[in-house]
Amino acid sequence: MLSGPVDHANAIVSIHPGTGGTDAKDWAEMLQRMFMRWCQAHGYKTDIIDFQESDDAGIDSVTFTVEGPYAFGYLRSEHGVHRLVRISPFDANARRQTAFAAVEVTPDIEDEIDIVVKDEDLETTTMRAGGKGGQNVNKVETAVRMKHIPSGIVVVCRAERSQLQNRRMALKMVKSKLYEQELARREAQNATYQATKSEIAWGHQVRSYVLAPYRLVKDLRTSHETGNVDGVLDGDLDPFIEAYLLAAAGGTLRKGGVAEAVEAD
């Protein structure tokens, strides 16, 4: 189940809210907590390399690394759009709301393959890394925004204290994403990974988390489901990960879509 060419590698996880307004931003933060709890339970080391707090609630985005044996092999099962249905705590009329968040999982393979990035292909800008905090806002331009011109890849790193450290991490992320694109082009060698990548479109969610009017978490690719919603949101992802890896190894993954999502709802 973990025989992919980069399954043994560390992982880089990014979470971005989608449709759903404030609920989506809150949902993105809930997903971050869920993955952090899973990593903690399995002894994986995590390090946040980019974090954007929302002005109202939740987060605008987060990117973190996961270090440990087969981190990417396990977490590639979480790549895709995750859907939440609940009574919104941000709605004064307590109406049922649906929110989406996209989870991107890429392998951290900088030291394992030869990805050449020319200096002339990079466009690097700096900015202040501070956010809320009044006088504590960072007045030094330590944050780095890096664009790889040929591919159009753009990454931002603001977590480290020095600009040099942020540059190094940004370059690492660019190389990781370039390798990810190369994997996607090698369909014959990595068909399962390519199929997973196709799931990142809105309306093609991979898993639904329903908190109201009933409680159910259902994976639309494997049909694995559980009513223990609180356990899943607390990081109990192993049954879903195992079901995904078994289905991927056996070639029985199903493509999640709008029709299946409505049925699950």
Side-chain angles (χ1 to χ4, degrees), residues 10-68 70-91 96-106 108 131-133 156-159 169 173 199-200 205-212 215-220 224-244 264:
N10 296 329
I12 300 176
V13 181
S14 298
I15 305 174
H16 304 278
T19 305
T22 302
D23 281 281
K25 295 178 180 181
D26 188 49
W27 174 224
E29 187 173 36
M30 291 169 64
L31 286 172
Q32 178 195 354
R33 176 185 179 275
M34 179 180 76
F35 292 132
M36 290 292 190
R37 293 291 295 270
W38 181 85
C39 292
Q40 182 182 22
H42 290 76
Y44 287 116
K45 178 184 177 182
T46 59
D47 186 20
I48 295 178
I49 58 178
D50 187 40
F51 181 85
Q52 282 288 337
E53 185 178 6
S54 175
D55 291 334
D56 37 23
I59 59 176
D60 287 330
S61 68
V62 64
T63 299
F64 58 92
T65 58
V66 181
E67 298 180 20
Y70 293 94
F72 175 74
Y74 287 115
L75 288 174
R76 62 184 169 91
S77 65
E78 304 306 299
H79 183 102
V81 178
H82 294 243
R83 173 175 177 264
L84 173 69
V85 181
R86 66 174 177 178
I87 302 298
S88 173
F90 307 104
D91 190 321
R96 189 164 169 257
Q97 301 287 347
T98 300
F100 298 87
V103 177
E104 181 184 8
V105 183
T106 57
D108 184 353
K132 299 177 181 179
V156 177
C157 188
R158 71 185 81 234
M169 179 56 69
M173 293 169 65
E199 301 293 333
I200 194 64
Q205 53 270 15
V206 297
R207 190 177 300 148
S208 286
Y209 306 70
V210 182
L211 278 64
R215 298 175 67 81
L216 180 72
V217 180
K218 180 176 182 179
D219 196 292
L220 306 179
H224 182 79
E225 60 182 49
T226 178
N228 184 19
V229 178
D230 292 335
V232 173
L233 294 178
D234 279 337
D236 185 14
L237 296 172
D238 285 347
F240 286 95
I241 292 175
E242 183 177 351
Y244 173 88

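Just so we're clear, the structure is a prediction, and the values are computed from it rather than from any experiment.
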Rounding to 0.5 Å, atoms OG (Ser61) and CD1 (Ile15) come to a distance of 10.0 Å

Exactly one of Val103, Val62, Thr65, Leu31 clears side-chain contact (heavy atoms from CB on, under 4.5 Å) with Val13, and that residue is Val103

Measuring only between side-chain heavy atoms, which start at C-beta, is Ile87 closer than 4.5 Å to Leu211? no

(message) Would the distance check show the side chain of Trp27 and the main-chain N or O of His82 forming a donor-acceptor pair, the cut-off being under 3.5 Å?
(response) yes

dist Gln97:CD -> Thr19:OG1 (nearest 0.5 Å) comes out at 12.0 Å

Exceeds 12 heavy-atom contacts within 6.0 angstrom, atom OH of Tyr70:
no

Residue pair His16, Asp60: steps toward the side chain to side chain donor-acceptor pair (under 3.5 Å) verdict: CA-CA 6 Å; His16 304 278; Asp60 287 330; over 6 Å; no

Test side chain to side chain donor-acceptor pair (under 3.5 Å), reference Ser88, set Asp23, Asp26, Thr98, output is Asp23

**Message:** Around atom CZ of Phe35, are there more than 12 heavy atoms from other residues, nucleotides or ligands closer than 6.0 Å?
**Reply:** yes

When the aromatic ring centroids of Trp38 and Tyr44 are compared, is their separation below 6.0 Å? yes

* Tell me whether the guanidinium CZ or amine NZ of Arg207 lies under 6.0 angstrom from the six-membered ring centre of Phe240 and within 45° of its axis. => yes

Enumerate, atom names and distances included, each donor-acceptor pair closer than 3.5 Å involving a side-chain atom of residues 227-237, sequence neighbours excluded.
unit_1, atom_1, unit_2, atom_2, d
Asn228, OD1, Gly231, N, 3.1
Asp230, OD1, Arg215, NH2, 2.7
Asp230, OD2, Arg215, NH2, 3.4
Asp234, OD1, Arg33, NH1, 2.9
Asp234, OD1, Arg33, NH2, 3.0

